[in-house]
Q: 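This is the structure I have questions about; it appears just below.
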2 protein chains.
Amino acid sequence: MKAALEREDFKALRIAKAGNVNLKQLSQLLGLSQTTVSRALNGYPEVNAETRERVLDAVRRTGYRPNRAAQRLATGRAGSIGLVMPTADGHDSDVHFGEFLAGLGDEAVRHDFHFVINPSHPDDEEATCKRLVASGNIDALFIAYMREKDPRVALLKSLSIPFIVHGRSIGIPTDYPYLDIDNTGAFHDATKLLVQLGHRRIALLNGPAHFAFAIRRKKGMEAALAEAGLRLDESCVQHTPMTDEHGFAGMKRFLELPERPTAILCSSTVLALGAVRALNQAGLRIGADVSLIAHDDVLPMLKPENFSVPLTTTRSSLRSAGSRIAKRLISRILNLETLPEQELWKAELIVRASTGPAPR
Amino acid sequence: MKAALEREDFKALRIAKAGNVNLKQLSQLLGLSQTTVSRALNGYPEVNAETRERVLDAVRRTGYRPNRAAQRLATGRAGSIGLVMPTADGHDSDVHFGEFLAGLGDEAVRHDFHFVINPSHPDDEEATCKRLVASGNIDALFIAYMREKDPRVALLKSLSIPFIVHGRSIGIPTDYPYLDIDNTGAFHDATKLLVQLGHRRIALLNGPAHFAFAIRRKKGMEAALAEAGLRLDESCVQHTPMTDEHGFAGMKRFLELPERPTAILCSSTVLALGAVRALNQAGLRIGADVSLIAHDDVLPMLKPENFSVPLTTTRSSLRSAGSRIAKRLISRILNLETLPEQELWKAELIVRASTGPAPR
DNA sequence: CCGCTCCCTCAAAGCGCTTTGGGTGATGAG
DNA sequence: CTCATCACCCAAAGCGCTTTGAGGGAGCGG
């Protein structure tokens, strides 16, 4: 009895939803076959232009919308792209993820694509990827938070599913599609600026050491220091999650060093937030006693220009990256391979008041 | 019998290797009809317990996974829930959204549900809802950021699609399913605490005035003030987006008032961030010269206990709310109406160092 | 041993779309 | 006048699942 009721409910739902016409009705209305209508709609060439116009017009009038589930079943295409969201109970979720998602979603929805967001413990991402692909309800996968020699790349290649990587791994061939920013270059330039301002002892508040972007940023920094005949003291480097909390603690540790750094690079404005707090607490003037540069992902809630002392930054919009990746992913799914395989975006160095000449 | 089993094992292995098994193959493997297998899988009562066990075992061995598209087509159920993400080019995306999503996603993925995330200009949400429902590829809708007399409630009721509201509207009957926190109570209690500490002039850094939660929080505050024979001066209230930037600007304005408030309530820790900055800049000691209480959504990147002066807060986890809403939404879709229609969560008042006796 | 429930299982009919493999009439060439 | 060639269009066969309506076998009372 209960089951029967349920079934009826669903039928009702279906009909309510259906308010829509279906292909069959539409074709009857037009006096055409379903084939022809379908072809007209999907842009096949063997349909008379006039017929196609007639079909399109009927679609407009009836408000016909193809049933996605039926399309998916018939084509075998799922119409959705998979994301692995690194999060777990008791594990910090990443602010940067939301912003990225905004860009991705914006673009995806334009093509009527769904997401399958699969939360996963950060250490379990490989298995999650596998499961997600095996589930068969995604057409393409997006992965991020790349690590050194990241095993997911090989995995995805072997799974023969379109995918795009946000970032790049290190230590494996880069023959996969990616979108990355030039982290090395960005932190090289930032460091160079500090060196030119006379800084000799520069510290780095970096993201977790296993992430490729963190490794590259450090490398860029070291390169710029080397050019000036300097080297990066390991005591001046900290790898932590990119939260306010760790920024604060990290900066405090720097300030306790016997030979205090005069300038600090931060891998995120969120880290910088805590760092600034520590500096204020220590009574140090930013831009005078200590210089600060942060990488800015353009998080709308945290603008570097609004810091008490506006922050010099290397900027690259995370949202744009999301949007771009969605675009490329979808065009790969639809086999419109016109977009480039690999992209490296330059970050923009924007000088504000948090950087000044080294104190003497 | 034994031989048959072995043969089955062998076949199973081969099929598993070959790729995905489908229902037909699975039923052939078992020597059952598709109907029976389907029923066994979907928990229908008319299947022998032993048979069901046999089926389940075969599923395990073959790694069979039902094709979602086919299921959706056959049942008319889309297997996904719709979200409207308030964001647009040039419009701030909300940090709180990401955190909420983490909870929602975590729960949804457990039931193999998808999302359809539809970004929308905040002023265009009604139309977006309509479009989303009409698209026919969601089974249920979630809406948030409720406003006074929110037209979306009536809209969704008329569309006869399961939905849950995060928050509650104001000025319309509350006969719809929602999950809200007791904003009135939370800010009532917070204000009461301040009053007890001797504060007489208390200000409010609130979210945008059109949001119901903001209205309720203000109301709660006014009630507590009234109980003490006080009233809320309009110059002591500010409605702004909940960003660091606005927190800073808002607090600055408060500090410029002829009669400066001695305590401030913030609708978000993000607002508090900027507010604290302004206080520091003005050289005021938090917890001594000025008391501060913020509402804490438990954003992992911004913990109130890590503020330079740990923040007294009213706490309610946004992630838990997301998770809970997903659970209820899914159970409504599956017609397991065991969960309550309406829930009001109490926020927890946690006293830390940012509140102290009023200065004299 | 018959007949009648219960259980359990089955074959087959959709769900709405895409796609294959023809057809048909008009056109132009031979 | 015939035949190949287009340009259009069609009927029908899936895609993999759920669900209906019906059938077969075991167990029981008569």
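Values in this document were obtained by computation on a predicted structure and should not be read as measured data. Reminder, nothing fancy here: chain letters follow the sequence lines and each chain counts from 1. Only this structure's heavy atoms are used, side chains among them; waters, hydrogens and symmetry mates stay out.
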Q: If the threshold is 4.0 Å, N to carboxylate O, is there a salt bridge linking A/Arg77 and A/Asp139?
A: no

Q: Nearest heavy atom decides the nucleotide; on that basis, is A/Leu23 or B/Asn48 closer to the 5' end of DNA chain C?
A: B/Asn48

Q: Tell me what A/Arg72 touches on the nucleic acid: a base, only sugar-phosphate, or nothing, going by heavy atoms under 4.0 Å.
A: nothing

Q: Take atom CZ of A/Arg65 and atom P of C/dC15, then tell me their distance rounded to the nearest Å.
A: 21 Å

Q: Which nucleotide in the set C/dT9, D/dT19, D/dC8 lies at the smallest distance from any side-chain heavy atom of A/Thr51?
A: D/dC8

Q: Return the nearest nucleotide to the side chain of A/Arg39; candidates are C/dG21, C/dT9, D/dT18.
A: C/dG21

Q: Nearest to the side chain of A/Gln71 - D/dC9, C/dT18, C/dT9?
A: C/dT18

Q: Measure NZ/A/Lys24 against P/C/dC15 and give the value in whole Å, please.
A: 7 Å

Q: OP1 or OP2 of C/dC15 versus the side-chain N and O atoms of A/Asn67: is any pair under 4.0 Å?
A: no

Q: Could you tell me how far apart B/Leu73 (CG) and C/dT18 (C1') are, to the nearest whole angstrom?
A: 12 Å

Q: In this structure, is the centre-to-centre distance between the rings of A/His166 and A/Tyr145 below 6.0 Å?
A: no

Q: How many Å lie between CZ on A/Arg77 and P on C/dC17, as a whole number?
A: 15 Å

Q: Does a side-chain N or O of A/Thr36 approach OP1 or OP2 of D/dC10 to a distance below 4.0 Å, or not?
A: yes

Q: So which nucleotide from C/dT19, D/dC17, D/dC9 ends up closest to the side chain of A/Glu46?
A: D/dC9

Q: Among D/dC15, C/dT9, C/dC15, which nucleotide sits nearest the side chain of B/Ala74?
A: C/dC15

Q: Salt bridge check, B/Arg324 against B/Glu343: does any charged N sit closer than 4.0 Å to a carboxylate O?
A: yes

Q: Rounded to whole angstrom units, what separation is found between the CD atom of B/Gln34 and the P atom of D/dC15?
A: 11 Å

Q: For the ring pair A/Phe115 and A/Phe142, is the centre-to-centre distance below 6.0 Å?
A: no

Q: For the pair A/Arg54 and A/Asp57, find out whether any cationic side-chain nitrogen is under 4.0 Å from an anionic carboxylate oxygen.
A: no

Q: To the nearest Å, give me how far apart CZ (A/Arg52) and C1' (D/dA7) are.
A: 13 Å

Q: Would you mind classifying the nucleic acid contact of A/Ser38 as base, sugar-phosphate or nothing, using non-hydrogen atoms under 4.0 angstrom?
A: base

Q: Using atom CG of A/Leu26 as one end and atom P of C/dC17 as the other, report the distance to the nearest whole Å.
A: 9 Å

Q: Please give, in whole Å, the distance from C/dT18 P to A/Asn22 CG?
A: 12 Å

Q: Kindly point out which of C/dC8, D/dA11, D/dT18 is positioned nearest to the side chain of A/Ser33?
A: D/dA11

Q: Looking at the side chain of A/Ala70, which of C/dC17, D/dG16, D/dT18 is the nearest nucleotide?
A: C/dC17

Q: Please state whether the base of D/dT19 and the side chain of B/Thr35 form at least one donor-acceptor pair under 3.5 Å?
A: yes

